[in-house]
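Inspection log for the structure reproduced underneath, given as structure tokens.
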There are 2 protein chains.
Amino acid sequence: MNIGKAAKLSNLTVKTVRYYADIGLVKPLKNCSTGYRDFSDDDLAQLQFVAKARKFNFSIQECGELLSLYSDKNRSSKEVKALTLEKISEIDAKLIELKDLRRQLSFLANNCQGNDRPECPILDELSNA
Amino acid sequence: MNIGKAAKLSNLTVKTVRYYADIGLVKPLKNCSTGYRDFSDDDLAQLQFVAKARKFNFSIQECGELLSLYSDKNRSSKEVKALTLEKISEIDAKLIELKDLRRQLSFLANNCQGNDRPECPILDELSNA
DNA sequence: ATAAACTCTCCAGTAAGTGGAGTGTAAAGG
DNA sequence: CCTTTACACTCCACTTACTGGAGAGTTTAT
């Protein structure tokens with residue numbers, strides 16, 4: 001299938017699919033006469049796989065690793081689980097950071113009048129080292 | 001003061017401070033003979049302001065806006081509050097997304113044996129479009 | 001036959017820096 | 001006074017994961 005169809009079926013943009021092909025994450029055949037990329041069903045499956053993994057916050061590099069494990073019929077689930085657990089703890093750290101951020105910002109906003117006068121605890125706080 | 005001291009006192013790296021000066025976010029004087037940047041106390045305050053605002057997930061552009069509101073003695077707190085509230089709802093959206101992500105990943109990890117055999121619900125799930 | 005829709009390559013840019021090379025300057029020790 | 005060390009400078013390239021556009025070729029529909 002052409003890139004447009006592959007993109008649609010994997011919920012990616014054409015540009016993104018082309019980019020994935022350029023960096024060798026997927027390897028569609030190329031029609032010699034037209035230069036058009038030709039995506040097999042397997043290529044499509046890989047694109048769908050990557051699309052999902054990216055949503056799961058796996059980096060492109062990790063997607064590549066997962067993809068090779070995925071393609072390897074003898075891959076062990078150990079490696080995949082390890083990668084996943086690592087991701088989870090990264091997410092946990094991010095969650096803590098974001099929650100703290102939210103708490104602080106919300107405190108500032110609650111104490112700000114939001115009128116036309118220049119008094120503003122948000123700026124006061126930010127300007128305190 | 002020199003860039004090293006300004007960096008230390010604002011908890012930024014020298015590289016980052018130089019970058020902020022390059023893009024005009026802060027405007028230290030320059031010693032003509034040595035080429036060294038000279039940061040005034042006011043420049044330092046702005047760096048500290050930016051360092052904090054960046055931690056609060058404000059973009060460089062937004063930092064610039066905040067900085068001009070901050071410098072303008074006649075600024076209203078309304079604009080600042082609006083920007084802050086916007087940031088908070090962005091953070092909320094990100095929190096929801098991350099929590100959902102974590103839930104899904106954690107479900108997958110819990111159902112994965114993590115042994116050397118190829119059965120792995122994580123890959124199974126990822127390969128389902 | 002022509003127009004719309006699709007595809008291609010190549011170049012440039014995004015955000016917010018980081019890293020390194022090569023060079024010049026300042027402060028401290030001997 | 002000299003040398004070593006720490007600090008400063010500029011400039012260029014690289015990072016992540018794409019996105020946008022120009023200009024050109026191809027396929028499909030009318």
Side-chain angles (χ1 to χ4, degrees), chain A residues 1-40 43-44 46-67 87 90 94 97 101, chain B residues 1-40 43-44 46-67 83 87 90-91 94 97 101:
Chain A
M1 70 191 75
N2 281 347
I3 198 169
K5 190 172 177 192
K8 182 164 279 179
L9 292 176
S10 56
N11 285 313
L12 295 168
T13 68
V14 168
K15 277 276 187 188
T16 301
V17 173
R18 203 174 277 131
Y19 170 72
Y20 287 168
D22 285 350
I23 62 173
L25 192 60
V26 289
K27 299 179 176 52
L29 292 175
K30 263 196 155 180
N31 182 321
C32 293
S33 57
T34 65
Y36 281 23
R37 292 172 184 83
D38 184 14
F39 294 82
S40 68
D43 291 328
L44 175 62
Q46 296 197 17
L47 283 176
Q48 291 169 330
F49 181 99
V50 170
K52 203 150 196 177
R54 289 285 302 129
K55 270 203 216 157
F56 279 61
N57 265 22
F58 287 94
S59 72
I60 292 279
Q61 162 133 30
E62 288 167 330
C63 285
E65 293 165 21
L66 283 170
L67 219 48
K87 274 293 129 194
E90 274 172 34
K94 214 168 250 177
E97 229 177 283
L101 200 60
Chain B
M1 71 191 74
N2 281 346
I3 197 169
K5 190 170 178 194
K8 183 163 279 179
L9 292 177
S10 56
N11 285 312
L12 295 168
T13 68
V14 168
K15 277 275 187 189
T16 300
V17 173
R18 201 173 278 131
Y19 171 72
Y20 287 167
D22 285 350
I23 62 173
L25 192 59
V26 290
K27 298 177 177 53
L29 291 174
K30 260 194 156 181
N31 182 322
C32 293
S33 56
T34 65
Y36 281 23
R37 293 172 183 84
D38 183 15
F39 294 81
S40 68
D43 291 327
L44 175 61
Q46 295 197 18
L47 282 176
Q48 291 170 330
F49 182 98
V50 169
K52 205 151 193 179
R54 289 283 305 129
K55 269 204 217 156
F56 280 60
N57 264 22
F58 288 94
S59 71
I60 292 279
Q61 162 133 30
E62 288 166 331
C63 286
E65 292 165 23
L66 283 170
L67 219 47
L83 206 49
K87 272 296 125 194
E90 273 172 36
I91 289 173
K94 210 167 253 177
E97 225 178 288
L101 200 59

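Throughout, a chain's letter reflects where its sequence line sits, starting with A, and its residues are numbered from 1. Note: hydrogens, waters and symmetry copies are ignored here, and every other heavy atom, side chains too, is used.
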Handout entry: dC9(D) phosphate, OP1 or OP2, under 4.0 Å from Arg37(B) side-chain N/O
Key = yes
Fill in the blank from the handout: Per atom distances to the Thr34(A) side chain, the nearest of dT26(D), dA8(D), dA16(C) is dT26(D)
Handout entry: Euclidean distance, atom CG of residue Asn31(B) to atom P of dT10(D) [Å, nearest integer]
Key = 12 Å
Practice task
Examine the base of dG17(C) for any acceptor or donor lying under 3.5 Å from a partner atom in the side chain of Tyr20(B), and report the outcome as yes or no.
Solution key: no
Handout entry: N or O in side chain of Thr16(A) less than 4.0 angstrom from dT19(D) OP1/OP2
Key = yes
Completion exercise
Separation of dC18(D) atom C1' from Arg18(A) atom CZ, nearest Å, is 13 Å
Handout entry: Protein-nucleotide distance (Tyr19(B), atom OH; dA16(C), atom C1'), rounded to Å
Key = 5 Å
Completion exercise
Here the distance between atom P of dA16(C) and atom CD1 of Ile60(B), to the nearest Å, is 5 Å
Practice task
List the steps, then state whether side-chain contact (heavy atoms from CB on, under 4.5 Å) holds for Val17(A) with Ile3(A).
Solution key: CA-CA 7 Å; Val17(A) 173; Ile3(A) 198 169; 3.7 Å; yes
Exercise for the section: Using a cut-off of strictly less than 4.0 Å, decide whether Thr13(B) has a side-chain nitrogen or oxygen near OP1 or OP2 of dT18(C). Expected result: yes
Exercise for the section: Answer yes or no: does a side-chain N or O of Lys30(B) lie under 4.0 Å from OP1 or OP2 of dT10(D)? Expected result: yes
Practice task
Figure out the NZ/P separation between Lys55(B) and dA16(C), and round it to whole Å.
Solution key: 17 Å
Exercise for the section: Figure out the CD/C1' separation between Gln61(A) and dT15(D), and round it to whole Å. Expected result: 12 Å
Practice task
Any chance you could measure Asn2(A), atom CG, to Lys8(A), atom NZ, to the nearest 0.5 Å?
Solution key: 12.5 Å
Problem - Spacing of Lys15(A) atom NZ relative to dT14(C) atom C1', expressed in whole Å - result: 14 Å
Practice task
Could you check how far CG of Asp38(B) sits from P of dA8(D), rounded to whole Å?
Solution key: 12 Å
Handout entry: Rounded distance (nearest 0.5 Å) linking atom CD of Gln48(A) with atom CD of Gln46(A)
Key = 10.5 Å
Practice task
For the side chain of Ser59(B), starting at C-beta, report the closest nucleotide among dA16(C), dG24(C), dC8(C).
Solution key: dA16(C)
Handout entry: Distance, nearest 0.5 Å, that separates OH of Tyr19(B) from CD1 of Ile60(B)
Key = 5.5 Å
